[in-house]
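Heads up: the structure comes next, in structure tokens.
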Amino acid sequence: MTHAMQQTDDSVLELFQSRMTNGYIRREDIRQELANSGILRDDPRVKLLYHALDLCEERISEESFHELVAYAPTLIEQIFRGSLIVPDFPSFCSKLRTFFHDTAAQKQGSVATYIPQLARVDPDKFAVAVCTIDGQRVALGDADDFFCVQSCSKPLTYLLALEELGDEVHKFVGREPSGKTFNELTLNAKGLPHNPMINAGAIMCCALIKQGRDPADKFDHILQRWREAAAGMRVGFNNAVYLSERQTADRNFALGYFMREKNAFPEKVDLLQTLEFYFQCCSIELTAASLATVASTLANGGMCPLTGQQVFQPDYVKNCLSLMSSCGMYDFSGEFAFRVGLPAKSGVSGVVMVVIPNVMGLCIWSPRLDELGNSVRGVEFCKRLVDNFSFHTFDRVNGLQRSKLDATKSLSEQERAWKISFIWSAAVGDIPEMRRLIARGTNPSSPDYDGRTALHVAASEGKAAAVEFLLERDIDLSPVDRWHHTPLDDAIRHEHVDVQALLLQAGAKTHSQLQEEAVQ
Ligand code: GLN
């Protein structure tokens, strides 16, 4: 047996021992643990594992556990060690359910009516789905209903254009928000569409993809890429939507002719075919669940979390997310970047696709739109999400009060680490580090498991400067540890006269003084 294999065996044994009682693990417990972690049965990475699990005995021995783990070694290890990107997935899901429930109360807005097929959709439909970069999934509401992606097709169209032409794409389309509605009859100063996230820019990208190829090949190509980004889930096409988009497309035709008049297109572009391809892209259908997987592929730098396939190149994904951040939410893009701070794209079918880079993708679908064309509940849900979790890109700025939850850390794991680090810095008198940790939101009065605070240890070690630094903050002056000592007791016991003076001057007490005061 090689050394590497030996190591693997050892770690599998460790995993087994972490869960076993009386020499075995219950099959049900493994099933439960997989489900809790958000790794679902239809996940291609665990299909065989689930199948093998079904064939196992009720009680799983060490030997059968070894065989089971072999079906998905890395994943099982991540699940059992709690190292998936959202370690406490059940708590995260329960928060999502609350946001979902609260957002469902919103009945404002109205469905898009520019084509009958959209006007007929049930306005009360509502779905939220999430897929993390480790493939943890949850879906709420009507997450298995198909709807057309509409403008949510634009990021993919842009990615495919980049894939073929690289930065050349931007010889044909700008990167600046237009400040106008998505179908405004306007081009930038160079006579080019402002960006790929509005109609003119998306029509341009449609012209750039597989130039000169048969329209059927072009469509197959884009459909295939959608499927790959969605881990092979079904991607549909709504022919009725396509036909009526085509019927009622004066504005998009106008945009096309306007660009042609300005010589914006590359040579030999067939305008009619390009527009038809654009309408087809808008009429592609996904579910909230599958679109969340597409969003997670973008969040994961272009690699689909469920299949491990590199669908898009990371540098192009970066370009795409940048433009989604500045131009993805129509005329609300600036406000959305300010308030929510995440790359997103919305479509008139009421869909919002949100990307939290290196964490997860989300899809919210609810057909009622606000006056700017964004899903009312979609925007509302995003607000709730970032009000509770530190997902806004700039939530990481130093000095912010950490009142939000970090879904990527297990419960208070991070706070605990900072607290211990703070107490440790006080013990060695490292004031710059103490400042930094306070700026991150560490409470300077927090005690450790033994009730020892930073003031206790600084007093015990005679670190006068650290004591002085702490006394300038609004802290508890006489906390009592598990051995009934206050910081003043510690300073006396260790004969640090300068520290004693500082503490007395600030009004700190010994434990016996506190007790006397309590009696009075
Ligand atoms: N099919 C719509 C159009 O081109 C898509 C626009 C959208 O979702 N904003 O007008």
Side-chain angles (χ1 to χ4, degrees), residues 1-2 4-21 23-90 93 129-139 143-144 224-235 286-287 289-297 299-311 360-361:
M1 190 182 283
T2 67
M5 274 172 80
Q6 177 66 52
Q7 264 182 345
T8 316
D9 276 357
D10 287 349
S11 72
V12 175
L13 181 62
E14 236 172 66
L15 298 183
F16 181 76
Q17 286 171 345
S18 70
R19 299 300 190 273
M20 67 138 204
T21 352
Y24 64 87
I25 310 181
R26 282 166 17 116
R27 178 170 67 169
E28 209 32 54
D29 292 347
I30 297 190
R31 280 208 185 109
Q32 196 59 48
E33 191 143 353
L34 285 170
N36 284 348
S37 68
I39 304 299
L40 306 182
R41 212 185 164 93
D42 65 347
D43 186 323
R45 298 169 301 170
V46 291
K47 264 200 175 129
L48 291 175
L49 172 72
Y50 266 106
H51 186 64
L53 204 51
D54 291 343
L55 301 175
C56 272
E57 313 256 289
E58 287 292 332
R59 297 167 163 207
I60 295 173
S61 65
E62 188 193 322
E63 199 188 333
S64 3
F65 185 73
H66 264 81
E67 284 165 20
L68 271 181
V69 172
Y71 287 105
T74 322
L75 199 56
I76 296 274
E77 176 133 9
Q78 281 178 299
I79 296 169
F80 275 48
R81 296 196 195 280
S83 65
L84 292 168
I85 188 73
V86 179
D88 188 358
F89 201 63
C93 293
V130 166
C131 177
T132 73
I133 56 157
D134 283 328
Q136 299 164 275
R137 284 177 293 158
V138 61
D144 293 327
Q224 174 62 18
R225 305 312 298 279
W226 269 106
R227 263 187 225 116
E228 289 170 0
M233 293 177 204
R234 194 173 97 77
V235 174
L286 271 86
T287 63
S290 52
L291 203 52
T293 305
V294 174
S296 75
T297 298
N300 198 29
M303 179 188 278
C304 177
L306 300 179
T307 59
Q309 184 185 353
Q310 190 73 46
V311 185
M360 65 179 69

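Note that the structure is predicted; figures quoted are calculated from it, not measured.
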Shortest non-hydrogen contact from [X] to [Y]?
{"X": "Leu75", "Y": "Arg45", "answer": "CD1-NH1, 3.6 Å"}
{"X": "Pro305", "Y": "Thr297", "answer": "CD-OG1, 3.8 Å"}
{"X": "Ala292", "Y": "Val130", "answer": "CB-N, 3.9 Å"}
{"X": "Ala139", "Y": "Ala143", "answer": "CB-CB, 3.5 Å"}
{"X": "Gly23", "Y": "Phe16", "answer": "O-CZ, 3.5 Å"}
{"X": "Gly361", "Y": "Ala299", "answer": "N-CB, 4.2 Å"}

query = Any ion pair linking Asp54 and Arg31 (charged N to carboxylate O, less than 4.0 Å)?
reply = yes
inquiry  = Between the side chains of Arg234 and Asp144, is the shortest nitrogen-to-carboxylate-oxygen separation below 4.0 Å, so that they form an ion pair?
reply    = no
Determine whether a donor-acceptor pair (N or O, by modelled atom type, separation under 3.5 Å) exists between the side chain of [X] and the backbone of [Y].
{"X": "Glu228", "Y": "Val311", "value": "no"}
{"X": "Asn300", "Y": "Gly302", "value": "no"}
{"X": "Glu28", "Y": "Glu58", "value": "no"}
{"X": "Asp134", "Y": "Leu84", "value": "no"}
{"X": "Arg27", "Y": "Cys56", "value": "yes"}

request  = From the options Glu14, Glu33, Glu62, select the one residue that forms a salt bridge (charged side-chain N to carboxylate O under 4.0 Å, His left out) with Arg19.
outcome  = Glu33
Do the non-hydrogen side-chain atoms of [X] and [Y] ever get within less than 4.5 Å of each other?
{"X": "Tyr50", "Y": "Asp43", "value": "no"}
{"X": "Met303", "Y": "Ile133", "value": "no"}
{"X": "Leu49", "Y": "Val69", "value": "no"}
{"X": "Leu68", "Y": "Ile30", "value": "yes"}
{"X": "Gln224", "Y": "Trp226", "value": "no"}
{"X": "Ile60", "Y": "Tyr24", "value": "no"}
{"X": "Met20", "Y": "Ser61", "value": "no"}

query = Would you say the side chains of Thr293 and Ser296 form a donor-acceptor pair under 3.5 Å?
reply = no
task = Please assess Gln136 against Ile85 for the test side chain to side chain contact (heavy atoms under 4.5 Å, CB included), listing each intermediate value before the final yes or no.
result = CA-CA 9 Å; Gln136 299 164 275; Ile85 188 73; 3.5 Å; yes
ask   = What's the spacing between Ile76 CD1 and Leu34 CG if we round to 0.5 Å?
value = 5.5 Å
message = For the CG atom of Leu55 and the OG atom of Ser64, what is their distance to the nearest 0.5 Å?
response = 11.5 Å
query = Step by step, would you call Ser11 with Arg81 a side chain to side chain contact (heavy atoms under 4.5 Å, CB included)?
reply = CA-CA 11 Å; Ser11 72; Arg81 296 196 195 280; 3.5 Å; yes
task = Go through Leu306 and Arg137 one step at a time and tell me if the side chain to side chain contact (heavy atoms under 4.5 Å, CB included) criterion holds.
result = CA-CA 10 Å; Leu306 300 179; Arg137 284 177 293 158; 3.9 Å; yes
ask   = What about Tyr71 and Phe65, are their ring centers closer than 6.0 Å?
value = no
